[in-house]
Novice: 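To start, I am sharing the structure in question, which I have written as structure tokens.
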Amino acid sequence: MPKGNQRISEHASVGGKARANRRLTLAKVEAEFGTLVTIEDAMRRLDRLGVWAAAKMLPGSVAGAAVRSVEVWLRANESKLTREVVNDIKGEVIRLKAELKGRRLGVAS
């Protein structure tokens, strides 16, 4: 009588198929993530990365690099938003200075 599990190849095949279904491909990742446009996109991406890392679908170094790329995107997005606000405020200050100058000239005449 042979020892061991006679159906080991079946079990291995099922395990291999399960792993293949969990394997991340470029198409899967792009479909899951999409493009980072909003902060909500970044938060969804971070959440998904956390789930994949916890499920050991990503090696730690890959997960860390992916999280870092989202952090860099967030920082760049924050800088862009800050620049937009500063430019808006600068425009408003210029407008108000011109208005004040006009009032002073009107009062002086």
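Atoms considered below: every heavy atom in the structure, side chains included; atoms not considered: hydrogens, waters and symmetry mates.
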Novice: From Arg95 CZ over to Leu100 CG, what is the distance, rounded to the nearest 0.5 angstrom?
Specialist: 11.5 Å

Novice: Could you measure the distance from the CE atom of Met43 to the CG atom of Leu74? Nearest 0.5 Å is fine.
Specialist: 7.5 Å

Novice: Do NZ/NE/NH1/NH2 and the carboxylate oxygens of Arg44 and Asp41 come within less than 4.0 Å?
Specialist: yes

Novice: Would you say CD1 of Ile39 has more than 12 non-hydrogen atoms from neighbouring residues, nucleotides or ligands within 6.0 angstrom?
Specialist: no

Novice: Let's go through Glu71 and Arg68 carefully: what are the C-alpha distance in whole Å and the side-chain angles of both, what is the deciding distance for salt bridge (Lys or Arg N to Asp or Glu O under 4.0 Å) to 0.1 Å, and is it a yes or a no?
Specialist: CA-CA 5 Å; Glu71 289 173 343; Arg68 179 73 179 126; 3.6 Å; yes

Novice: Is Trp73 reachable from Leu81 through a run of I, L, V, M, F, W or Y residues, each pair having side-chain heavy atoms under 4.5 Å apart?
Specialist: no

Novice: Less than 4.5 Å apart, any side-chain heavy atom of Lys97 and any of Ile94?
Specialist: no

Novice: When rounded to the nearest 0.5 angstrom, what distance separates CH2 in Trp52 from NZ in Lys28?
Specialist: 8.5 Å

Novice: Are Val37 and Val70 co-members of a hydrophobic cluster defined by side-chain heavy atoms under 4.5 Å apart?
Specialist: no

Novice: Looking at Glu99 and Arg103, is there a salt bridge between them, counting it only when a charged N and a carboxylate O are closer than 4.0 Å?
Specialist: yes

